[in-house]
Visitor: 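The structure's right below; bear with me while I get my questions together.
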Amino acid sequence: MKLHEYQAKEILSHNNVKVPRGHTIFNISDIDKIKSQLQFPVVVKAQVHSGARGKAGGVKVTHSFDETIDYANSLLGQKLVTHQTGDKGLPINSLLIEEAIDIDKEYYIALTIDGSLSRPVFISSPEGGMDIEAVAEQNPQAILKTSINPSIGIMSFQVREIGAHLNLEDELLTQLQSILTGLYDAFVKNDASLIEINPLVATKDKQLSAADTKFSIDDSSSFRQENIFNIRDKTQEDDLELEAESNGIQNYIKLEGNIGCLVNGAGLAMATMDAIKFSGGEPANFLDIGTANNPESVVAALKIIGSDPDVKAIFINIFGGLARTDIIAEGFVQAKKNGLINQSTVIRLAGTNVEDGKKILIESGIEYKLADGFAEGASLAVKASKN
Amino acid sequence: MSVLLNQTSKIIIQGMGSAGSREAEISIEYGTKIVAGVTPGKGGTEKSGIPICNTVKEAIDQFEGNTSLIFVPAPFCKDAIIEAILSGIKLIICITEGVPVLDMMTVKQVLENYPDTVLIGPNCPGILSPGEKARAGIMPVDVYMPGNIGVISRSGTLVYETVDQLTRLGIGQSTSVGVGGDPIIGTSQKEALKLFEADQETAGIVLIGEIGGNTEQEAAEFIKLMSKPVISFIAGTTAPPGRRMGHAGAIISGASGTAEAKQDALKSAGAHVVASPSDIGITVQNVLKELGLI
């Protein structure tokens, strides 16, 4: 789950990470408050779950109250299209308005989990404000990784190492210590998967300030991070994906193609997308039905796939382990009988209870194409999508 | 023969809910020794004909359990895995999906002090050795046949798919190990490769990877040193960057996470990289023929 910048900054400032003074507005009528609270110039920032907001016109420095209102009015309620959002863009329902800070230098700091080390790792670079992927590619020595032993947390010598890598002036080291410690605390307390401060700004009056930040939470932690999951902004997420989730299907992702996929297991679901592409088609979605221990979840999944206007054909590819093929077959029959899918459907069943599953399909009298294997299924589905 | 799991494995099941007991029944019917279940508060009862204990320690003391298979819900997995480690179990397999990453970080810290303990998973299908009739997991048994190919996979269903393709071509398996799809797992693909390289009965290995992380690149470093052929498929060639593809670990973030980067690393390490997921079995057959192994 992703947080908005203003939400992330609230958490960071509670953990002793200094952020620019700011105010978040949800309605234009809230904007009067900034008159008394902030000094101009200010930076107005559209709050959407995307990077590259500046290039897309979602961030601007304004010098007067009137200019701020005009710009805020032009953003609120609109959609911001960045190169990360796709053509539809994301709705701008809130704006973070911050006092502009006097930038001396910019740095990059992030904290994430290194799966190979099974430890949190700080990533730091003196090239702040840049896309870290681009830095990694063009100037890898600019990136320092510092892994943290979770039983002791971040040590002062590591802060000094990071400070030296950033070429930070000595007088800022105490502030860096408190920022890195605060970041680490915020990470662990909130089950974060990534906190990125980019840029971390050194101001001309010798303050370190988190000018922009990204914050993501481990989705598996929702059972113990109620407070965080309560501030999730679903307007930033895809409608079909949300509907899938409300029906207990965690893993549905809308894609660009026209072949709807219902698969069990994330790996097989990815491989099914690959096989469709190899056969000359394009998947309309990624869907991992998971264990599917009742036909209702299968019906719900097929309803979502069937209602997607892009879908021209459906490929159900099931290799039952914990998931039972008879339950999948039952769900398909119910979805078809209730008119939830009218696209031509290719079904491949293997694994647990496959004989029962095939029997249910045959006895239903419903029209579908049965594929023997994976490759055959993919190529039949691609053919059906082109009819 | 096999790696990790064999006829001497005496399995206890932590979490005898509906999934745990159903899979226990299938394993027993297959010929596997499931000696006890562990459900706190239910000690002294029986489920699916299996005696239930309150603790892992009891299951070891009373029923000589030496392997634990974990089905307990994700919020309780950290506790269950650490209970198994501290009770002295040497092989722990965690099937459960959705364990928080920070919990697994704690588990791995504990494991650092128990170098002889092997954890497989979480979020994995488990281990099956067909020649030993030993199944600790959730995979369908019908698709397996005894033989000399090892299968390693981050994805569960791709274990079944791979094993099925092999069996249909008459190529049997020594053991399949599903290492799990999460960012932090007990045993990496590289460590699993080491086990198969050392196993006398394994002639070749299929390694199924997927997008995200760089564990396939680490595995490739070991493949360079291996004597046995490795056939590899990477799922997610067509996945869009930045989206989590079901598995928490399967998200392309950074250049090393792409299928292409992994395929390149594996190829240059000498592995046979399969482009299409439906060609895994046939590629194994061709490689074995070329090497005169069949």
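Residue numbers begin at 1 in each chain, while the letters A, B, ... track the order of the sequences.
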Visitor: Under a 3.5 Å cutoff, is there a donor and acceptor pairing between the side chains of A:Asn317 and A:Thr272?
Guide: yes

Visitor: Given a strict heavy-atom distance threshold of 4.5 Å, which part of B:Thr237 is in contact with chain A: side chain, backbone, both, or neither?
Guide: both

Visitor: Does any heavy atom of chain B fall under 4.5 Å from the side chain of A:Phe278, the backbone, both, or neither of them?
Guide: side chain

Visitor: What is the distance from atom CD1 of A:Ile259 to atom NZ of A:Lys383, rounded to the nearest 0.5 Å?
Guide: 12.0 Å

Visitor: So for B:Ile234, is it side chain, backbone, both, or neither that comes closer than 4.5 Å to the heavy atoms of chain A?
Guide: backbone

Visitor: Should the pair A:Glu376-A:Arg348 be classified as a salt bridge under the 4.0 Å nitrogen-to-oxygen rule?
Guide: no

Visitor: Contact part of B:Glu161 toward chain A, heavy-atom cut-off under 4.5 Å: side chain, backbone, both or neither?
Guide: both

Visitor: Is A:Asn353 close to chain B through its backbone or its side chain, or both, or neither, when contacts mean heavy atoms under 4.5 Å?
Guide: neither

Visitor: Quick one: what part of A:Pro283 sits under 4.5 Å from any heavy atom of chain B, side chain, backbone, both or neither?
Guide: neither

Visitor: Sort out for me which of B:Ile208, B:Ile26, B:Leu102 touches chain A most, counting heavy-atom pairs under 4.5 Å.
Guide: B:Leu102

Visitor: By a 4.5 Å heavy-atom criterion (distance strictly below it), what part of A:Ile113 contacts chain B: side chain, backbone, both, or neither?
Guide: side chain

Visitor: Indicate the atoms forming the closest heavy-atom contact of B:Ile127 with B:Thr175, along with that distance.
Guide: CG2-CG2, 3.4 Å

Visitor: Using 4.0 Å as the upper bound for N to carboxylate O, is an ion pair formed by A:Arg324 and A:Asp356?
Guide: no

Visitor: Based on non-hydrogen pairs under 4.5 Å, which of A:Gly290, A:Ala136, A:Ala269, A:Gly320 is most in contact with chain B?
Guide: A:Gly320

Visitor: Under a 4.5 Å heavy-atom cut-off, does chain B meet the side chain of A:Ser151, its backbone, both or neither?
Guide: both

Visitor: Which one, A:Thr352, A:Asp191, A:Asp274, A:Leu268, leads in non-hydrogen pairs under 4.5 Å with chain B?
Guide: A:Asp274

Visitor: Between A:Lys277 and A:Glu282, is there a side-chain N and carboxylate O pair less than 4.0 Å apart?
Guide: yes

Visitor: Tell me, side chain or backbone of A:Gln225 under 4.5 Å from chain B's heavy atoms, or both, or neither?
Guide: neither

Visitor: Side chain from CB out, backbone as N, CA, C, O: work out which of these in B:Pro75 comes under 4.5 Å of a heavy atom of chain A, or both, or neither.
Guide: both

Visitor: Please classify the contact of A:Ala350 with chain B as side chain, backbone, both or neither, using a heavy-atom distance under 4.5 Å.
Guide: neither

Visitor: Which region of B:Val99, side chain (C-beta onward) or backbone (N, CA, C, O), has a non-hydrogen atom less than 4.5 Å from a non-hydrogen atom of chain A, or is it both or neither?
Guide: backbone

Visitor: Between the side chains of B:Glu23 and B:Arg135, is the shortest nitrogen-to-carboxylate-oxygen separation below 4.0 Å, so that they form an ion pair?
Guide: yes

Visitor: Closer than 4.0 angstrom, basic N to acidic O: yes or no for A:Lys2 and A:Glu237?
Guide: no

Visitor: Please test B:Thr162 against B:Gln165 for side-chain contact (heavy atoms from CB on, under 4.5 Å), starting from the C-alpha separation and ending with a verdict.
Guide: CA-CA 5 Å; B:Thr162 302; B:Gln165 288 184 23; 5.9 Å; no

Visitor: Please classify the contact of B:Asp279 with chain A as side chain, backbone, both or neither, using a heavy-atom distance under 4.5 Å.
Guide: neither

Visitor: Is B:Asp103 salt-bridged to A:Arg224, going by a charged N under 4.0 Å from an acidic O?
Guide: yes

Visitor: Measure B:Glu112 against the heavy atoms of chain A and call it side chain, backbone, both or neither at under 4.5 Å.
Guide: side chain

Visitor: With a 4.5 angstrom heavy-atom cut-off, which part of A:Leu255 approaches chain B: side chain, backbone, both or neither?
Guide: side chain

Visitor: Salt bridge or not between A:Glu245 and A:Arg232? Use side-chain N to carboxylate O under 4.0 Å.
Guide: yes

